[in-house]
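Worksheet for the structure shown next.
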Amino acid sequence: MRRDSKLPRSFYDRPTLTVARELLGKHLVFVRRGVRLSGKIVEVEAYIGEDDPACHAAPGLTRRNAVMYGRPGFSYVYFIYGMYYCMNVVTERKGFPAAILIRAAEPDEGIEKMAASSPKIVRHLLLSGPGRFCRSLGLTTSHSGLDLLGDRLFIEDRGASIGQLVSTPRIGINKGMDHQWRLFDGSSTSVSAQRRK
DNA sequence: AACACGATCTACT
DNA sequence: GTAGATCGTGTTG
């Protein structure tokens with residue numbers, strides 16, 4: 001596709017909620033073994049600073065969350081529950097820990113490859129849910145800390161739009177429930193399971 | 001060195 | 001609706 005549509009560093013170097021809102025409708029691309037795998041982002045969650053109790057940076061700087069304290073526009077992938085990976089996009093200036101969890105996308109390029117990684121998952125749900133998203137794409141902690149302005153993992157603006165912006169509390173956490181920092185496209189059938197308010 | 005738990009998903013009742 | 005899988009990470013001793 002068009003290489004000039006790759007999002008610039010300045011896109012990520014802004015308030016996290018602004019970046020999160022604008023990430024919806026953009027296409028995330030992962031080049032695996034020279035093959036493009038991609039999907040249109042339809043669901044994200046924002047984790048902002050050490051004062052956000054649900055953010056991995058709440059305990060302060062550690063080996064694991066270090067990339068969140070770095071420059072914006074890098075990937076942060078972590079391992080959870082002994083078997084899943086979750087991918088985030090680092091935002092805001094160097095020194096301020098914040099990131100956006102990619103929770104779901106609508107499969108686009110490389111759907112057959114994704115299906116091979118996640119057999120018996122319906123097409124439109126191959127990238128639905130943070131764990132499945134990484135599983136279907138083949139993303140692991142070895143892909144953490146990658147520059148999203150590089151050629152292996154990046155996000156493109158293809159001018160796509162989303163149906164309807166919806167915000168709810170974040171899922172799967174027991175702290176920081178006072179914020180509506182989960183954003184998704186209410187008209188997409190690829191958004192992860194729980195849709196309650 | 002030992003321990004409790006987690007930004008999840010699937011299978012099963 | 002709920003339990004089980006399965007292990008890196010941060011904390012405590």
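Note that these values count all heavy atoms, side chains included, but never hydrogens, waters or copies made by symmetry. Here is how names work: the chains are called A, B, and so on, in the same order as the sequence lines, proteins then strands, and each is numbered from 1.
Within the 4.5 Å cutoff, the side chain of A:D13 has heavy atoms near those of the A:R93 side chain.
Contacts of A:L101 with the nucleic acid, taken as non-hydrogen atoms under 4.0 Å apart, include base atoms. At a threshold of 4.0 angstrom between heavy atoms, the contacts of A:I121 are confined to the sugar-phosphate backbone, with no base atom among them. A:G131 comes within 4.0 angstrom of the backbone, heavy atoms only, and of no base.
A donor-acceptor contact under 3.5 angstrom links the side-chain atoms of A:Y78 to the base of B:dA7.
Side-chain atoms of A:E92 come within 3.5 Å of backbone atoms of A:T16 as a donor-acceptor pair (strictly under, hydrogens ignored). Remark: the backbone N or O of A:T18 is not paired with any side-chain donor or acceptor of A:R21 at under 3.5 angstrom.
Side-chain N/O atoms of A:H56 and A:Y76 include a donor and acceptor closer than 3.5 Å.
Both geometric conditions, a ring-centre gap below 5.5 Å and a plane tilt below 30°, are not fulfilled together for A:F79 over the base of C:dG8.
A:L139 places its CG atom 16 Å from the C1' atom of B:dA7, with the value rounded to the nearest Å. Between the CD1 atom of A:I80 and the C1' atom of B:dA4 there is a distance of 13 Å, given to the nearest Å.
Phosphate proximity of B:dT10 to A:R132: present, with a side-chain N or O under 4.0 Å from OP1 or OP2. One finds no side-chain N or O of A:R182 lying less than 4.0 angstrom from the OP1 or OP2 phosphate oxygen of B:dA7. Phosphate contact (OP1/OP2 of B:dC5, side-chain N/O of A:K175, threshold under 4.0 Å): absent.
Looking at A:R36 and A:E109, a side-chain N of the basic residue comes within less than 4.0 Å of a carboxylate O on the acidic one, giving a salt bridge.
Among A:R152, A:R9, A:R71, the single residue meeting the salt bridge (charged side-chain N to carboxylate O under 4.0 Å, His left out) criterion with A:D147 is A:R9. Of the residues listed (A:R158, A:K26, A:K40), the one engaging A:D108 in a salt bridge (charged side-chain N to carboxylate O under 4.0 Å, His left out) is A:R158, and it is the only one.
Residues from residues 48-75 of chain A with heavy atoms under 4.0 angstrom of DNA chain C, sorted by number: A:P59, A:T62, A:R64.
Nearest nucleotide to the A:Y84 side chain, out of B:dA7, B:dC9, C:dG8: B:dC9.
Across all strands shown, C:dT6 forms no Watson-Crick or G-U wobble pair with both key distances under 3.5 Å.
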